[in-house]
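Each chain gets a letter, A, B and so on, in the order the sequences are listed, and its residues count up from 1. Please read all numbers here as calculations on a predicted model, not as lab measurements.
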Number of protein chains: 2
Amino acid sequence: MQPDIAVVAGLIGESTRARMLTALMGGKALTATELAVEADITAQTASSHLNKLVTGQLLVVRKQGRHKYFQLKGPKIAALLETLLNISNDIASARPPVTTGPADPRLRTARVCYDHLAGELSVKLYDSLITRKLIAQECEQVQLTAQGLDFFADIGASIAQGKSKRPLCKSCLDWSERRSHLAGITGQWILNDLFKQGWARKDLDSRVVQFTQQGLRLFSKKYSIDI
Amino acid sequence: MQPDIAVVAGLIGESTRARMLTALMGGKALTATELAVEADITAQTASSHLNKLVTGQLLVVRKQGRHKYFQLKGPKIAALLETLLNISNDIASARPPVTTGPADPRLRTARVCYDHLAGELSVKLYDSLITRKLIAQECEQVQLTAQGLDFFADIGASIAQGKSKRPLCKSCLDWSERRSHLAGITGQWILNDLFKQGWARKDLDSRVVQFTQQGLRLFSKKYSIDI
DNA sequence: TTAATACTACGTTGTCGGTCGAAGTATTGA
DNA sequence: TCAATACTTCGACCGACAACGTAGTATTAA
C-alpha cells in the first residue's frame, strides 16, 4: 500500500498550523503560548493543534516544569517544510507581478533555516566557499574539498561525520534568493559558531538573524565575503 | 513575507486529491475520467478538484480533443510528493508494528517515480552502479565517474547536460526500500530505454513497472545486476 | 496557603468545502 | 443530423473541524 500523504500534508495544510511550523523553522523550541501568540489564536486552540502535530509525528515535545517546548521532529521534517517554502515561493512570485512584496528585509538578509543559515548572506558565504575551492559543487551536489577540510579544521570546527547519517555538506535551495546555500553538519556548525562568537543573535519569535556591526565585519573576514 | 505553505500543503492534504497526485507520480498524463476512477469519485467532483490543482500550480493540463490530460507540473512537484511519501511511510511504519502491510508486491519490486525507476530493482541497480564505480556517492551525493560517462556513452545514452539545470544524477530516497536509487537525467534515460527496448511496460492506472521474463534477464545483464 | 501561570478537556457554534444530482456545452463518431 | 462521450457549471446537502468559552488540572511564586 502506498503511504497516505494526505494526513501529513493535511496537518501542514491549515494556515494556523502552517504558521506554527514555519515559526519552528527557526530551529528553536517554542512553548505552546509562544506559538499561540505567533499564530494569533487562543491557548486552547493552540493546544489542540499542537496535540495533532505531535500525534502526527511532525513535532516533538519536551516538558519542562509547567512549560511545554515544541520542536520540529527532525531534519527530514525541516527539509519537507523548506521544499514547501520553495515551491510556494515559486508559485506566489509566478502569479501576480504586482505586490512582489518587499518582505521583511532583515528576513531576506539572514535567517535561520532550522539549523543553518539562510538568506542573502548565506548565499554570499556559499559563493565564497566555492570560489576559494573549499567546497566543490558538481551536478548540484556539494562536498568539502581537501582544502576545505583543512580550512574548517584550522578554525576549530568539529564537523566529524560521526555515526550519524547526516551529510557533512548539503546544499539547500533558498526560497528568497533562489540560490543554494550551505546546510548539513558544516552549515550547522557555522551557524552555531556565529552565535558562540557573539557575532549575531537570533531574534525572539522570528527566524531573523541579527548581526552586530562588528560581528558582520568579523564574519565576512573569517569567510572572505564581500559585503 | 514568508510564502504561504498552507495553500500548497492544503491542496495535497485532502485524501481524494492526494490519491490523484499519487496516481500522477506514475509520470503519465491521465484524463479527468481516469483520475476520477482512480480516486473513486464522480466526474463532477474530479473536475472541481482538478481545477483547484491546476489553479494551484501543481498540475498542468493539455487539451486534446474532448479529453483533458493532466500531469504533474514538473520535477519539483514530483520531488515534493516523493518527500511526502517518504515521511508518511516512516510515520506509518513507526506507528503500528501490526499490519506492516505486505503491500502490492509488484509495486514494491519496480515502479515509476515520476520519470525514473524506483523499488527493489532500482535499488539493486543503484548498488551495482556503485560497486562497478560507474557512479560515486560521497556525502550522500552522487555523480557519474569517468568510467560511468564512458559506460553510458557506450550503451548509447543521450544524457548530455544540455542547458537544463537538472542534474545528471541525483539520488532519490525510496519509501519502500529506505534506500537510494537513481534519479536525474540518467535515471530518466534508463527508464525510457527500458520501455523502448520493450523489456517492461507500465501498468495502466498504476505506477507498477511490469517486466517481461526476457526483459528482466536482459536488463540485469546490461547493468550487471543479480536478481 | 493563596494567587498566578501554563496547559488541557469538553461542549457549542459557525464556517468551509467535499460530494453528488441535474442540467449544460463541446467534441467525436455514425 | 443524431447520439454518445468528456467535461463543466450550478445548487443543495452535509459532515468535518477550527475556534473559543467555560471549567478544569499541574506547576510555580509569594
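- A close approach under 4.0 Å does not occur between any side-chain nitrogen or oxygen of R66(B) and OP1 or OP2 of dT25(C).
- The distance from atom NZ of K68(A) to atom P of dT25(D) is 17 Å, rounded to the nearest whole Å.
- If you take CG on L182(A) and NE2 on H116(A), they are separated by 8.0 Å, rounding to the nearest 0.5 Å.
- Residue I41(B) contributes atom CD1, which lies 16 Å from atom P of dA6(D) at whole-angstrom precision.
- With hydrogens and angles ignored, the 3.5 Å screen pairs no side-chain donor or acceptor of N51(A) with any backbone N or O of S47(A).
- With rounding to whole Å, L35(B) atom CG is found 14 Å from dA6(D) atom P.
- Atom CE of M20(B) and atom C1' of dT19(C) are 12 Å apart (whole Å).
- Between Q64(A) atom CD and dA26(D) atom C1' there is a gap of 15 Å when expressed in whole angstrom units.
- Phosphate contact (OP1/OP2 of dC20(C), side-chain N/O of T42(B), threshold under 4.0 Å): present.
- In this structure, T45(B) does not reach the dT19(C) phosphate: none of its side-chain N or O atoms is under 4.0 Å from OP1 or OP2.
- Side-chain N/O atoms of S48(B) include none lying less than 4.0 angstrom from OP1 or OP2 on dG18(C).
- Residues K222(A) and D193(A) are paired through a salt bridge, judged by an N-O separation under 4.0 Å between the basic side chain and the carboxylate.
- Looking at R207(B), its side chain never comes within 3.5 Å of a backbone N or O of L107(B) through a donor-acceptor pair.
- If you check dA6(C), dT8(D), dG17(C) against the side chain of K52(B), the one that comes closest is dG17(C).
- Separating the NE2 atom of H49(B) from the C1' atom of dC20(C) is a distance of 11 Å, rounded to the nearest angstrom.
- The nearest whole Å value for the distance from the CG atom in L11(B) to the C1' atom in dG18(C) is 14 Å.
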request  = Could you go through the side-chain contact (heavy atoms from CB on, under 4.5 Å) check for L58(B) and K73(B) one step at a time?
outcome  = CA-CA 5 Å; L58(B) 296 188; K73(B) 185 152 187 197; 5.9 Å; no
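- To the nearest angstrom, C1' of dA9(C) lies 10 Å from CD of Q44(A).
- Of the two residues contacting DNA chain D, namely D40(A) and A43(B), the nearest-nucleotide position lying further toward the 5' end is that of A43(B).
- Below the 3.5 angstrom threshold, one finds no donor paired with an acceptor across the side chain of E14(B) and the base of dG18(C).
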